[in-house]
Amino acid sequence: MAALLESLEPLVTSLREDGYTVIGPVVADGAVVLAELESAAELPYGWGSEVAPGGYRLRRRRDRAAFAHQAGPQSWKSYLHPPRVPLWTVHRKDFTITEPEADEEPPRYAFLGVRPCDLRAIAVQDRVLGGVDGAYARRRAAAFLVAVDCTEPGPTCFCASAGGGTAAGDGADLVLTELVDGENVSYLAEPRSAAGRRRLASLPQRPATAAEMDRARGEVAAAAERMGRSLPATDLRTLLAERLDAGHWAQVAQRCLSCGNCTMVCPTCFCTTVEDTSDLTGEVAGRWLRWDSCFDLDFSYLHGGAVRRSARSRYRQWLTHKLGTWHDQFGESGCVGCGRCIVWCPVGIDLTEEVAALAKEEAGP
C-alpha cells in the first residue's frame, strides 16, 4: 500500500542515524550536482534546469519541486564505480608497499533521488561489474536506493525510446513520486524491497488516497509522452553493424573533439586504465585505477601503436558499442536515454540525431 510523506526530513534523518551516508542532489557551482546530505533542506527545492545540446543552465521554478530538474553532470556511478581508486602505494625510504584492505568495509551509501534512467543504469553496471569487481559488488550490496519517478523530462531526454521509461523499474528499495502544488510538496512512497518496507514503516506517514495514487500515475505516464528526443524505431544493433563504412561517420568526426566528455558523464561507461604516480619529492609512488575513455588515443594502444588513430574511428567505436555490440557482451543496450552525452558535449553532438542520420543514409534518397 502506498503512503504519503509530507516531508523527506524524517527519511534523511532515519538513514543517517542508521549509519548511511546520504547522497542526493544539491545546487552547487551553477548546476545540480550530487553530494552528501546532512538534511533534506539541502535538496534543490524550487530549482529547475534548461538543457540543450552543449548547454545547461539553472533556472528558478515557480514551485517548490525538489526533483523536477534534468540530469546533471554526475551520476551515481561516481560512488559505486569511483573515478580514481588506489591499488597500492610504495615508500622509497623503506620500500614498504601498502595496499587497500581487501576486506575493508565499504561505505554505506543511501542514494536519494535516483531517476528511472539512472536506476536502469545502475542495473546495467551491476551486470557489467557486479561479477568481476569485488569492490563494486560490496559497495552496491551496501547501498540503499530511493528512486524518484520522472514527471518532468527535459528536451534532451529519450529514455522512453531507449527501452526505459519515466516510472522507476526494478532495483530500488523505495520509490517516490513528487506531488507538487505550488509551495506544497508531498511524496507518494512505495516500498520495493524488505529494507524499503521497514524504512517506510518507521516514517511519519498517512495512507495515500486513490485520487493521489491516480494523480501520481497520471503524471508519470504523461511525462513519457513528453520526451524531447527519441531514437529511431528500428533495430539499432543491426543498423550500426551494417553501417560501419557509412560516410556520415566522417561528418561527425569533423565536429568531435575526442574530449571524452560523453563517456565521463555517461552513467554506464565503465572503462578504466592503470596510472602510476609519485609525489613531488619522489619519496612516495602509487598505482591507481582510474576512469578512461575510448576517445583517448592511447586507449586502443597495442604493441606498435594505437589501433583507432582517427576521431572517426573512435566515435564509431563508442556509438556502435553503446547501442550495438553491448548487446553481444551484456545482453542489453548500454544507453538508458538520460541525454547527458548530448548536454555535456562541448560542441553539442546529439546521439539521437547521429543515429537518425545513419538510418536515413541507409534508406537512401
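Since we're looking at a predicted model, the values are computed, not measured. Throughout, residue positions are numbered sequentially from 1 according to the sequence presented.
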If you define the side chain from C-beta out and look only at heavy atoms, does anything of [X] sit under 4.5 Å from [Y]?
| X | Y | value |
| --- | --- | --- |
| Leu179 | Leu4 | yes |
| Pro204 | Glu6 | no |
| Lys360 | Pro232 | no |
| Tyr20 | Pro107 | no |
| Tyr187 | Phe67 | yes |
| Cys256 | Ile349 | yes |
| Leu8 | Leu176 | yes |
| Val284 | Val90 | no |

Roughly how far apart are [X] [atom1] and [Y] [atom2], rounded to 0.5 Å?
| X | Y | atom1 | atom2 | value |
| --- | --- | --- | --- | --- |
| Thr273 | Asp298 | OG1 | CG | 8.5 Å |
| Asp170 | Ser193 | CG | OG | 11.5 Å |
| Glu353 | Leu358 | CD | CG | 12.0 Å |
| Cys341 | Leu351 | SG | CG | 5.0 Å |
| Thr325 | Leu240 | OG1 | CG | 9.0 Å |
| Asp276 | Arg287 | CG | CZ | 4.0 Å |

Are [X] and [Y] grouped together when hydrophobic residues (ILVMFWY) are joined by side-chain heavy atoms under 4.5 angstrom apart?
| X | Y | answer |
| --- | --- | --- |
| Leu119 | Leu200 | no |
| Val252 | Leu239 | yes |
| Ile97 | Leu87 | yes |

Under the salt bridge (Lys or Arg N to Asp or Glu O under 4.0 Å) rule, collect the residues that match up with Asp235, sequence neighbours excluded.
none
For Glu38, the salt bridge (Lys or Arg N to Asp or Glu O under 4.0 Å) test, sequence neighbours excluded, returns none
Nearest heavy atoms of [X] and [Y], plus distance in Å:
| X | Y | answer |
| --- | --- | --- |
| Leu323 | Ser333 | CD2-OG, 4.0 Å |
| Ala65 | Val185 | N-CG2, 4.1 Å |
| Tyr56 | Val51 | CD1-CG1, 3.6 Å |
| Ala121 | Pro267 | CB-CB, 3.6 Å |
| Val148 | Pro116 | O-CD, 3.2 Å |
| Ala162 | Arg120 | O-NH1, 2.8 Å |

Any salt bridge linking [X] with [Y]? Criterion: basic side-chain nitrogen under 4.0 Å from a carboxylate oxygen.
| X | Y | result |
| --- | --- | --- |
| Asp18 | Arg199 | yes |
| Glu152 | Arg61 | yes |
| Asp173 | Arg192 | no |
| Glu178 | Arg64 | no |
| Arg340 | Asp118 | yes |
| Arg316 | Glu354 | no |

Sole candidate of Ile122, Val175, Leu174 that passes side chain to side chain contact (heavy atoms under 4.5 Å, CB included) when paired with Leu145
Ile122
Result of checking His81, Lys77, His321, Gln125 against Cys269 for side chain to side chain contact (heavy atoms under 4.5 Å, CB included):
Lys77
Could you go through Ser230 and Ser161, starting from their C-alpha distance and side-chain angles, then the distance that decides it, and tell me whether this counts as side-chain hydrogen bond (donor to acceptor under 3.5 Å, both in side chains)?
CA-CA 5 Å; Ser230 64; Ser161 64; 5.0 Å; no
Dump the intermediate steps for side chain to side chain contact (heavy atoms under 4.5 Å, CB included) on Leu43 and Leu112, then the final yes or no.
CA-CA 10 Å; Leu43 292 168; Leu112 174 58; 4.3 Å; yes
Audit row: Glu36, Arg16, salt bridge (Lys or Arg N to Asp or Glu O under 4.0 Å) steps and yes/no:
CA-CA 11 Å; Glu36 181 177 352; Arg16 284 174 56 83; 3.6 Å; yes
Begin with the C-alpha distance, continue with both residues' side-chain angles, and end with the deciding distance and a verdict on ring pair (Phe, Tyr, Trp, His ring centres under 6.0 Å) for Trp291 and Phe299.
CA-CA 11 Å; Trp291 288 356; Phe299 181 81; over 10 Å; no
Backbone N or O of [Y] within a donor-acceptor pair of the [X] side chain at under 3.5 Å?
| X | Y | result |
| --- | --- | --- |
| Ser278 | Ala285 | no |
| Asn261 | Trp344 | yes |
| Arg237 | Trp326 | no |

Quick one: which residue pairs count as a side-chain hydrogen bond (donor to acceptor under 3.5 Å, both in side chains) with a foot in residues 82-92, not counting sequence neighbours?
none
Inter- and intrachain pairs under side-chain hydrogen bond (donor to acceptor under 3.5 Å, both in side chains), touching residues 45-54, at least two apart
Ser49-Gln70
Can you confirm whether [X] is buried at [atom1], in the sense that more than 12 heavy atoms of other residues, nucleotides or ligands lie under 6.0 Å from that atom?
| X | atom1 | value |
| --- | --- | --- |
| Arg59 | CZ | yes |
| Asp29 | CG | no |
| Arg290 | CZ | yes |

Give the intermediate values and the outcome of side chain to side chain contact (heavy atoms under 4.5 Å, CB included) for residues Val124 and Asp126.
CA-CA 5 Å; Val124 171; Asp126 288 348; over 6 Å; no
Please work out whether the ring planes of Trp76 and Phe111 are parallel, tilted or perpendicular, with thresholds of 30° and 60°.
tilted
Apart from Leu297 itself, its cluster of hydrophobic side chains linked below 4.5 Å comprises none
May I ask you to check if Arg127 and Phe330 form a cation-pi contact, with NZ or CZ under 6.0 angstrom from the six-membered ring centre and within 45° of the axis?
no
Not counting sequence neighbours, which residues clear side-chain hydrogen bond (donor to acceptor under 3.5 Å, both in side chains) with Asp181? List them please.
Arg215
Run Val347 and Leu257 through side chain to side chain contact (heavy atoms under 4.5 Å, CB included) and show every step you take.
CA-CA 8 Å; Val347 294; Leu257 304 178; 3.9 Å; yes
Intermediate values then yes/no, side chain to side chain contact (heavy atoms under 4.5 Å, CB included), Thr263 and Cys294
CA-CA 8 Å; Thr263 58; Cys294 53; 4.3 Å; yes
